[in-house]
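For reference, the structure is listed below as structure tokens.
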Amino acid sequence: MENNNAGGGVDNTFRRKFDPEEYLERARDREKQEAEGRGKSKSKGPPVQRKPLKHRDYEVDLDSRLGKTQVVTPIAPLSQQAGYYCSVCECVVKDSANYLDHINGKKHQRALGMSMRVERASLQQVQERFEKLKKRREPGSFTEQDLDERILKQQEEEEERKRQRRERKKEKKKEKAAEEEEPDIDPDIAAMMGFGGFGSSKK
């Protein structure tokens with residue numbers, strides 16, 4: 001077998017030659033562009049002011065389609081696919097827990113134009129809230145006396161149930177005892193057959 005490279009060494013002229021100065025120049029250009037990009041983003045102006053978080057004024061519908069069957073095709077629009085559709089973010093979430101996480105999350109709130117910060121309440125707002133909650137509680141106000149009465153009533157009901165259970169057990173025992181007693185046999189027939197009776201004889 002002949003050696004083609006005999007005497008000449010290895011031919012590596014096809015390899016690419018790297019010029020360190022060229023790459024250093026490219027790195028400097030890239031750094032300049034990044035610095036200009038950072039400067040532009042800072043000079044755009046103040047960040048977007050979003051409204052603070054507020055309470056939902058609607059009920060989240062999680063169980064309207066509960067127990068219903070639906071045919072789902074891969075070419076159906078997003079709103080008709082399996083899962084919960086968010087019209088604000090135009091996405092489908094597969095289950096109710098993840099849907100609640102989504103509508104309470106940062107992405108959804110930003111799409112609604114709200115930040116994740118909560119507005120600081122004033123003293124007057126807190127007092128008004130307390131008054132509102134007190135008024136709501138007054139019609140069916142619940143005291144410790146009501147709690148004691150409910151506990152006593154529950155204990156009485158439990159005692160009554162136990163008493164009824166004991167009575168039923170006694171009745172069952174009586175029925176079993178009546179079944180186990182000797183059947184009434186005429187003494188003449190028993191004498192004809194040759195035995196005095198069934199069971200133990202009392203003397």
Side-chain angles (χ1 to χ4, degrees), residues 23-162:
Y23 284 99
L24 191 61
E25 189 63 34
R26 281 190 194 177
R28 286 184 187 132
D29 290 343
R30 189 171 59 243
E31 283 176 0
K32 280 181 190 175
Q33 288 174 356
E34 287 175 0
E36 287 173 7
R38 276 190 237 121
K40 285 179 184 176
S41 63
K42 287 180 182 176
S43 64
K44 279 184 182 177
V48 178
Q49 293 293 322
R50 292 189 172 90
K51 295 180 285 184
L53 276 176
K54 62 178 182 179
H55 290 286
R56 262 194 298 271
D57 54 356
Y58 61 92
E59 197 69 32
V60 179
D61 180 29
L62 296 176
D63 52 0
S64 65
R65 294 191 288 173
L66 189 66
K68 294 183 180 176
T69 307
Q70 181 181 357
V71 177
V72 180
T73 60
I75 57 171
L78 280 175
S79 60
Q80 294 175 359
Q81 287 187 3
Y84 294 90
Y85 176 69
C86 175
S87 58
V88 176
C89 304
E90 295 181 354
C91 64
V92 176
V93 186
K94 295 301 178 190
D95 59 19
S96 60
N98 286 332
Y99 180 66
L100 282 174
D101 286 345
H102 169 74
I103 62 176
N104 291 331
K106 186 187 280 188
K107 179 183 173 189
H108 184 81
Q109 298 300 335
R110 282 195 172 174
L112 289 174
M114 288 187 279
S115 69
M116 294 303 286
R117 292 191 177 90
V118 181
E119 187 178 8
R120 188 173 173 86
S122 66
L123 176 63
Q124 186 177 0
Q125 287 174 324
V126 173
Q127 289 171 340
E128 287 172 2
R129 185 76 174 167
F130 275 133
E131 290 300 320
K132 186 177 174 183
L133 292 172
K134 282 180 186 175
K135 286 177 184 174
R136 189 190 304 173
R137 203 183 89 176
E138 282 172 7
S141 60
F142 187 75
T143 61
E144 287 185 28
Q145 186 179 359
D146 294 339
L147 182 64
D148 293 339
E149 288 175 7
R150 285 175 63 182
I151 291 172
L152 284 171
K153 187 177 178 184
Q154 193 172 6
Q155 287 174 348
E156 289 171 4
E157 288 174 358
E158 186 65 30
E159 289 295 325
E160 181 65 24
R161 281 197 293 271
K162 285 180 181 177

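- In this structure, Phe130 places its CZ atom where only 12 or fewer heavy-atom neighbours from other residues, nucleotides or ligands lie under 6.0 Å away.
- Residues passing the salt bridge (Lys or Arg N to Asp or Glu O under 4.0 Å) test with Glu160 are Arg163, sequence neighbours excluded.
- Atom CD of Glu157 is surrounded by more than 12 heavy atoms from other residues, nucleotides or ligands within 6.0 Å.
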Which side-chain N or O atoms in residues 93-100 pair as donor and acceptor under 3.5 Å with protein atoms at least two apart or in another chain?
{"unit_1": "Asp95", "atom_1": "OD1", "unit_2": "Asn98", "atom_2": "N", "d": "3.0"}
{"unit_1": "Asp95", "atom_1": "OD1", "unit_2": "Asn98", "atom_2": "ND2", "d": "3.0"}

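- Judged as a salt bridge (Lys or Arg N to Asp or Glu O under 4.0 Å), and not counting sequence neighbours, Arg30 has no contacts.
- Looking at Lys162, Gln155, Arg161 one by one, the single match for side-chain hydrogen bond (donor to acceptor under 3.5 Å, both in side chains) with Glu158 turns out to be Arg161.
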Donor-acceptor list for residues 57-64 side chains, cut-off 3.5 Å, not counting sequence neighbours:
{"unit_1": "Asp61", "atom_1": "OD1", "unit_2": "Ser64", "atom_2": "N", "d": "3.3"}
{"unit_1": "Asp61", "atom_1": "OD2", "unit_2": "Ser64", "atom_2": "OG", "d": "2.7"}

All N/O donor-acceptor pairs, side-chain side in residues 70-80, below 3.5 Å, sequence neighbours left out:
{"unit_1": "Gln70", "atom_1": "OE1", "unit_2": "Arg65", "atom_2": "NH1", "d": "3.2"}
{"unit_1": "Gln70", "atom_1": "NE2", "unit_2": "Gln80", "atom_2": "O", "d": "3.1"}
{"unit_1": "Thr73", "atom_1": "OG1", "unit_2": "Ala76", "atom_2": "N", "d": "3.4"}

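- Within a 6.0 Å radius of CZ in Arg129, no more than 12 heavy atoms belonging to other residues, nucleotides or ligands are found.
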Please tabulate, for side-chain N and O atoms in residues 106-122, each donor-acceptor pair with protein atoms closer than 3.5 Å (sequence neighbours left out).
{"unit_1": "Gln109", "atom_1": "NE2", "unit_2": "Ile103", "atom_2": "O", "d": "2.8"}
{"unit_1": "Ser115", "atom_1": "OG", "unit_2": "Arg117", "atom_2": "N", "d": "3.3"}
{"unit_1": "Ser122", "atom_1": "OG", "unit_2": "Gln125", "atom_2": "N", "d": "3.3"}

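- The environment of Ile151 atom CD1 is dense: over 12 non-hydrogen atoms of other residues, nucleotides or ligands sit within 6.0 angstrom.
- From Glu34, atom CD reaches atom CG of Asp29 across 11.5 Å, with rounding to the nearest 0.5 Å.
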